[in-house]
Novice: 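One structure follows; several queries about it will come next.
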Amino acid sequence: MTGALREEADKDLALARQVGEVLSQRGWTLATAESCTGGGMAALITEIPGCSHWFDRAWVTYSNHSKVTLLGVPEALIEAFGAVSEPVVCAMVEGALKFSRADIVVAVSGVAGPGGGTAHKPVGTVCLAWGERQGGVRTDTFWFPGDRQAIRAAAIARGLLGVWEWASKPALA
């Protein structure tokens, strides 16, 4: 691993540790529902000793069929909007909350390349969603530059950053 890649990996691991700290402070657990990242968020999280106190589970739902059968994403959503869409990642979050004990979920679907992109959804398009058991889901679409590895790494980092941002908000009284 080159020096730049090692530095980036260290930053991502530090971010995952920060996520664990804020979740632990709140007494929350996390689940991930991943497509284009192939379980990369979960793999990063499970590098951290003791993460079982704040990490519940993960789904790798790479195929459309797995999104439907494992997370309950309606086929009609995938047909209408495509797997890489905010409605689909929102449904992934909702399914992960339904089928876990997690307090917060992050879901991701994207076009990591090198093929598979279209004019409407070019390579680098990544949809992320975050949701909390107590209510509320937030979605966002990003375009990350680079090759497959860079796109996946950026999606993992942005997904975890979103969890940290959500869990760092002051609790409502």
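As the structure is a computational prediction, the values presented were derived from the model and not from experiment.
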Novice: Please list, chain by chain and in numerical order, all residues satisfying side-chain contact (heavy atoms from CB on, under 4.5 Å) with A42, sequence neighbours excluded.
Specialist: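 side-chain contact (heavy atoms from CB on, under 4.5 Å) list for A42, sorted by chain: T32, E34, F55, A58.
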Novice: Group every Ile, Leu, Val, Met, Phe, Trp and Tyr by side-chain heavy-atom contacts under 4.5 Å, then state whether V105 and M41 land in the same group.
Specialist: no
Novice: Can you pull out every side chain to side chain donor-acceptor pair (under 3.5 Å) where at least one residue sits in residues 119-129? Sequence neighbours excluded, please.
Specialist: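 Residue pairs with at least one partner in residues 119-129: there are none.
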Novice: Does S24 have any side-chain hydrogen bond (donor to acceptor under 3.5 Å, both in side chains) partners at least two apart in sequence or in another chain, and if so, which?
Specialist: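 If we apply the side-chain hydrogen bond (donor to acceptor under 3.5 Å, both in side chains) test to S24, skipping adjacent residues, there are no hits.
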Novice: How close do Y62 and S66 get, heavy atom to heavy atom, and via which atoms?
Specialist: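 Shortest heavy-atom contact: N-OG, 3.4 Å.
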Novice: Given V93 and L97, is the side-chain contact (heavy atoms from CB on, under 4.5 Å) satisfied, shown in steps?
Specialist: CA-CA 6 Å; V93 163; L97 286 168; 3.9 Å; yes
Novice: Go through the structure and list residues passing ring pair (Phe, Tyr, Trp, His ring centres under 6.0 Å) with F144, not counting sequence neighbours.
Specialist: F142
Novice: Partners of R138 by side-chain contact (heavy atoms from CB on, under 4.5 Å), sequence neighbours excluded?
Specialist: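 Per chain and number, R138 pairs via side-chain contact (heavy atoms from CB on, under 4.5 Å) with W130, R158, E165, W166.
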Novice: Using the side-chain contact (heavy atoms from CB on, under 4.5 Å) criterion, which residues pair with H53? Sequence neighbours excluded.
Specialist: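 Result, side-chain contact (heavy atoms from CB on, under 4.5 Å) vs H53: none returned.
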Novice: Applying side-chain contact (heavy atoms from CB on, under 4.5 Å) to I48 and W54, what does each step give before you reach the verdict?
Specialist: CA-CA 11 Å; I48 302 166; W54 53 270; 4.1 Å; yes
Novice: Please report the interatomic distance CG(N64) to OG1(T69), rounded to the nearest 0.5 Å.
Specialist: 10.5 Å
Novice: Side chains of T139 and C127: closer than 4.5 Å at any heavy-atom pair?
Specialist: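 No, their side chains stay 4.5 Å or more apart.
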Novice: Of all the heavy-atom pairs spanning A157 and D12, show the shortest one and how long it is.
Specialist: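 It is CB-OD1, 3.7 Å.
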Novice: Can you list everything that forms a side-chain hydrogen bond (donor to acceptor under 3.5 Å, both in side chains) with S35? Sequence neighbours excluded, please.
Specialist: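 Only K67 meet the side-chain hydrogen bond (donor to acceptor under 3.5 Å, both in side chains) criterion with S35.
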Novice: Are L44 and V60 co-members of a hydrophobic cluster defined by side-chain heavy atoms under 4.5 Å apart?
Specialist: no
Novice: Give a yes or no on whether the backbone of A167 and the side-chain of R26 come within a donor-acceptor separation of less than 3.5 Å.
Specialist: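 Side chain of R26 to backbone of A167: a pair is present.
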Novice: Could you tell me whether the side chain of R152 and the main chain of A112 form a donor-acceptor pair under 3.5 Å?
Specialist: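 Here the side-chain-to-backbone pair does not exist.
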Novice: Within the side chain of R148, is there an N or O that forms a donor-acceptor pair under 3.5 Å with the backbone of P114?
Specialist: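 Answer holds: no.
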Novice: Under the side chain to side chain donor-acceptor pair (under 3.5 Å) definition, can you give me all pairs with a residue in residues 92-118, not counting sequence neighbours?
Specialist: T29-D103
Novice: Please report the shortest heavy-atom distance between V126 and A155, naming the atom on each side.
Specialist: CG1-CB, 3.8 Å
Novice: Linking Ile, Leu, Val, Met, Phe, Trp and Tyr through side-chain heavy atoms less than 4.5 Å apart, which residues share a cluster with M92?
Specialist: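 ILVMFWY cluster around M92 also holds W59, V68, L70, L71, V73, L77, I78, F81, V88, V89, F99.
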Novice: Quick one: side chains of residues 15-22, donor-acceptor pairs under 3.5 Å with protein atoms, not counting sequence neighbours, listed by atom name and distance.
Specialist:
none

Novice: For residues C90 and V137, report the shortest heavy-atom separation together with the two atoms involved.
Specialist: SG-CG1, 3.6 Å
Novice: Rounded to the nearest 0.5 Å, what separation is found between the CD1 atom of I104 and the CD atom of Q134?
Specialist: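 Here the interatomic distance stands at 11.5 Å.
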Novice: What distance separates L30 CG from L160 CG, expressed to the nearest 0.5 Å?
Specialist: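 With rounding to 0.5 Å, CG (L30) is 7.5 Å from CG (L160).
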Novice: What residues form a side-chain hydrogen bond (donor to acceptor under 3.5 Å, both in side chains) with T141, not counting sequence neighbours?
Specialist: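 Scan of T141 (side-chain hydrogen bond (donor to acceptor under 3.5 Å, both in side chains), adjacent residues dropped) gives E86.
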Novice: Measure the spacing between CD1 of I45 and CG of L13 and express it to the nearest 0.5 Å.
Specialist: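 Between atom CD1 of I45 and atom CG of L13 there are 10.5 Å.
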Novice: Roughly how far, to the nearest 0.5 Å, is the CG atom of L23 from the SG atom of C51?
Specialist: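 Rounded to the nearest 0.5 Å, the SG-CG separation comes to 11.0 Å.
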